[in-house]
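Numbered from 1 within each chain, the chains take letters A, B, ... in sequence-line order. Side-chain atoms are counted along with the backbone in the values below, which use heavy atoms only and exclude waters and symmetry mates.
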Amino acid sequence: MSEKSRFAGDDNKLDRIRSDWEPRIIGFACNWCTYAGADLAGVSRIKYPPNVRIIRLMCTGRIDPLFILKAFFEGIDGILIGGCHPGDCHYKSGNHKAQRRIILTRRLVGQFGIEPERIHLEWISASEGERFARVVMEFTNMIRSLGPNPIGRSRNGG
Amino acid sequence: MARIGVYVCHCGVNIASTVDVERVTDKIKECHSVVIARNYPYMCSDPGQELIIKDIKQFGLDRIVVAACSPRMHENTFRRVCQSAGVNPYCFDMTNIREQCSWVHDSREEATAKAIDLVRSSLSRATLLEPLIVDEVSVTPAALVIGGGIAGIQAALDIADAGFQVYLVEREPSIGGHMAQLDKTFPTLDCSACILTPKMVDVAQHPKIELLTYSEVEEINGFIGNYRVLIRKKARYVDMDKCTGCGICAENCRMNGRVDSQFDLKLSKRSAIYVPFPQAVPMKYTVDKDNCLFLTRGKCGKVPACQESCPADAVDFTQKDSYIELDVGTIVVATGFEVFDVERKPELAYSYYDNVITGLEFERIVSASGPTRGNIEINGKEPKRVVFIQCVGSRDKNLGNPWCSRVCCMYAVKQAHLIKDRIPDASVTILYMDMRCFGKGFEEFYDRVRSEGVVFRRAIGSEIYRKGDGLVVRAEDTFLGKTVEIEADLVVLSAGIEPGDGTIDMARILKLARTPDGFLMEAHPKLRPVDTYVDGVFLAGCCQSPKDIPDTVAQAKAAAASAIIPMSMGKVKIEPIRAVVNDQICCGCRTCESVCEYNATEFDEEKGVMTVNSAICKGCGSCSGACASGAIKIYHYTDQQIMAQITALSESLCEE
């Protein structure tokens, strides 16, 4: 991995990034539903904004709240979590466990001054390519209107 | 330190036209641990795979990253490549820069930046990947076939002929499915019953097939090779061993001639104790609990007439639903379809006029064993003017059914032929959107029926209303661009095919994905058309998509062959993605126990820590997400691996 430190005191670069700031979003997608739905969006050539970078997991139940806190601490602006619809989870109920954890995590990050809306959970099935694209677009726009993650900003000296 | 090789695929122009693969390769070359980074037009091709094998040997690589299509497509391909060159298949990671990058973004700049991020994320994960040993499990040499239509019948026969035990489950009292309701089959005009019933008898007599009719699959647990199935055998109120199928009970039933026959689509009446049709397999009677006087009102004379008259003493009203459990290695889903409910198009007035019928109803009417003994007549009158309306419930976006049902064109052509055959002076008009006669012998049959005087008119039927004794079909002629009105004595609605309730139930029970049309999703539309993403579960027939009988039989044979492979191998490899507890860290709080759906965790009383039974664990990771101590590791999805990806993705914040 490149070891460059964040902004490295380069004020010009910092300014430039602020002026054309783009939301950086991590998506956690379960292998069976949402990841397949994202693949279907691709196969169907449905366009959506490029701001979300997906990390594939077997199940949203795998998501440890620490993953989300870590991402915000590192300066990520939003977390999009996609799992199977209720009743469709490949592992019976991993999605429900994720849902409960996400509710708590949202309350937790609120106390740190991070808008809870920056964490979003959506049920997207393997057949919902169009919906995946729409959710990415709407979430990206929402994060754009919220602006950069306040924790990331302060760490960046802003 | 890891020695990583990175390969960026052009996928012809699929990736390279949107993602600057050269730039991705150059950027990645600078990264830590990367020994070699290349790009190549088709990584999945033979030379592409050879490239990796050569590099592994030449540079001593121990980790491989391929940035190409979705891992759902080629992860296994490249795992095999790694293995063949001596690198553990789990030391490979695949970056999806096609489905989730080049195909969904327009801007070359943005797509390239995203691709670089994604490859870096993979790289950071790759450095932490651990070699894993693939477990082998034995396969129970028995298969479950769900659905007793022609697809399920064919699959069951093939699997049983290969020497494996088959359990064929059908929710209706008889096997046969929709094919049993058809009269002739297109384009060869074979009698449907004549080609189907011998197969039904074969199923009943096969020593390797256990037929479970009037039964429903309630629950399926386990994994490939080791599924456990819970089946509910619905109470028939007839002792299967005693019933001889003589039919005396039905003749004596007080409801005789008063219950709608579902098999004849309510065009004829039957008793409350019945067999669906004369060639039913098994030839055993069933009490229809919704219409039986004794079961609905608690009273049917002094003694129920069926019970009193049965010479074999087979009627037994004390029967209850019973449950059985089966162990099987593989599963074929063949749950079929349902015909589109034409009442959802009220403008076609199906529910108002007796002489507006569906294509399947026409099959019953024209069938020699049907309610009119094969005479084409409506209310006792022979129709002289017949109009077919095509694509009812197919190719209709307003209804949410955009798909083509693939059989309606041909069954309408066949039915038009049968009308011309029985009533030579009848005028027959088919109103179509497009005639799709794509199969073997279809076009020739269509030509023949045209030459018989059937009129094909490119028009969309929009309304049906009564005029005198007859009907008027109002339609939009799409060649003339104007509205036309056609008089008719009989209108046949060529209703399409929809996924049925049984298919939707199976999707839920087996966690099978469905395509946007609601049919079950195959693992790959081209290359794995009978597989699903649930290992050991295969698809046959119309539960996967609408298809005709030859295609259904072909797919059933394919599904049977696929189901036989793991059973004849006797062993299958399963993914080693499992949870393991670090007993040095575990505090024994037992939180994981409460979240595990599979009861795979067990408390070690002596040490005061949890343990995971890796034979039961499925590797979902719920326990790991819940563990407050961080004591549970999920192989291949460890905290460190995921955290490294998060860090890699956020670091790119400061890049360019």
query = Does B:His105 have its ring centroid less than 6.0 Å away from the ring centroid of A:Tyr48?
reply = yes
query = Of the backbone (N, CA, C, O) and the side chain (C-beta and beyond), which part of A:Lys97 lies under 4.5 Å from a heavy atom of chain B, both, or neither?
reply = side chain
message = Please report the interatomic distance CD1(B:Ile577) to CZ(A:Arg62), rounded to the nearest 0.5 Å.
response = 11.5 Å
ask   = Which region of A:Cys33, side chain (C-beta onward) or backbone (N, CA, C, O), has a non-hydrogen atom less than 4.5 Å from a non-hydrogen atom of chain B, or is it both or neither?
value = neither
message = Using 0.5 Å steps for rounding, measure from the CZ atom of A:Phe73 to the CD1 atom of B:Ile646.
response = 13.0 Å
key: Distance in Å, A:Phe132 CZ paired with B:Gln100 CD, rounded so as to fall on 0.5 Å steps   = 6.0 Å
note = Ranked by heavy-atom pairs below 4.5 Å to chain A, first place among B:Ser107, B:Pro71, B:Cys101 goes to B:Pro71
B:Asn221 side chain near A:Lys92 side chain, heavy-atom distance below 4.5 Å = yes
key: Heavy-atom proximity to chain A below 4.5 Å, by part of B:Asn14   = side chain
query = Salt bridge between B:Asp106 and A:Lys47, side-chain N to carboxylate O under 4.0 Å?
reply = yes
Segment of A:Ile46 engaging chain B (4.5 angstrom heavy-atom cut-off) = backbone
inquiry  = Among A:Ala71, A:Ser125, A:Gly129, A:Cys59, which residue has the highest count of heavy-atom pairs closer than 4.5 Å to chain B?
reply    = A:Cys59
inquiry  = Taking A:Ala126's backbone N and O only, do any of them form a donor-acceptor pair with B:Arg514's side chain (distance below 3.5 Å, no angle check)?
reply    = no
request  = Heavy-atom pairs under 4.5 Å with chain B are the metric here; pick the option from A:Cys89, A:Gly94, A:Cys84, A:Ala41 that has the most.
outcome  = A:Cys89
query = What are the two closest heavy atoms between A:Trp32 and B:Tyr533, and how far apart are they?
reply = CZ3-O, 3.2 Å
A:Leu40 versus chain B, the contacting section by heavy-atom distance below 4.5 Å = side chain
query = Side chain of A:Arg53, backbone of B:Leu118: donor and acceptor closer than 3.5 Å?
reply = no
ask   = Which bit of A:Asn31 is near chain B, if near means a heavy-atom gap under 4.5 Å: side chain, backbone, both or neither?
value = both
query = Side chain, backbone, both or neither: which part of A:Ala36 has an atom under 4.5 Å from a heavy atom of chain B?
reply = both
query = From A:Ile54 CD1 over to B:Thr95 OG1, what is the distance, rounded to the nearest 0.5 angstrom?
reply = 13.0 Å
ask   = Does some side-chain heavy atom of B:Asn96 sit less than 4.5 Å from a side-chain heavy atom of A:Asp39?
value = yes
query = Does some side-chain heavy atom of B:Leu512 sit less than 4.5 Å from a side-chain heavy atom of A:His90?
reply = no
key: Atom group of B:Thr515 that falls short of 4.5 Å from chain A, counting heavy atoms   = backbone
A:Arg101 to B:Ser622 - nearest heavy-atom pair and separation = NH2-O, 3.0 Å
inquiry  = How close do A:Gly42 and B:Val104 get, counting heavy atoms only, and between which atoms?
reply    = CA-CG1, 3.6 Å
query = Would you find a donor on one side and an acceptor on the other, under 3.5 Å apart, between the side chain of B:Lys511 and the backbone of A:Gly87?
reply = yes
ask   = Side chain, backbone, both or neither: which part of A:Ile26 has a heavy atom under 4.5 Å from chain B?
value = side chain
ask   = For B:Tyr598 and A:Tyr91, which heavy atoms make the closest approach, and how far apart are they?
value = OH-CA, 3.0 Å
message = Looking at A:Arg45 and B:Glu99, is there a salt bridge between them, counting it only when a charged N and a carboxylate O are closer than 4.0 Å?
response = no
request  = Could you check if a side-chain atom of A:Tyr35 sits within less than 4.5 angstrom of a side-chain atom of B:Ser70, using non-hydrogen atoms only?
outcome  = yes
query = How long is the span from the CG atom in A:Asn51 to the NZ atom in B:Lys114, to the nearest 0.5 Å?
reply = 8.5 Å
request  = Would you give the length of the straight line joining atom CG of A:Leu57 to atom CD1 of B:Ile642, rounded to the nearest 0.5 angstrom?
outcome  = 5.0 Å
remark   = Of A:Pro49, A:Gly61, A:Ser127, the largest count of non-hydrogen pairs under 4.5 angstrom with chain B goes to A:Ser127
ask   = chain A: which of B:Cys620, B:Gly621, B:Ala626 shares the most heavy-atom pairs with it under 4.5 Å?
value = B:Cys620
inquiry  = I'd like to know if B:Asp639 pairs up with A:Lys70 as an ion pair, taking the criterion as any Lys NZ or Arg NE/NH1/NH2 lying under 4.0 Å from an Asp or Glu carboxylate oxygen.
reply    = no
ask   = Step by step, would you call A:Phe67 with B:Gln645 a side-chain contact (heavy atoms from CB on, under 4.5 Å)?
value = CA-CA 10 Å; A:Phe67 298 166; B:Gln645 285 184 274; over 6 Å; no
request  = Side chain from CB out, backbone as N, CA, C, O: work out which of these in B:Met643 comes under 4.5 Å of a heavy atom of chain A, or both, or neither.
outcome  = both
Heavy-atom check, side chain of B:Ile634 versus side chain of A:Met58, under 4.5 Å = no
task = Could you tell me whether A:Glu130 atom CD has more than 12 heavy atoms of other residues or ligands within 6.0 Å of it?
result = no
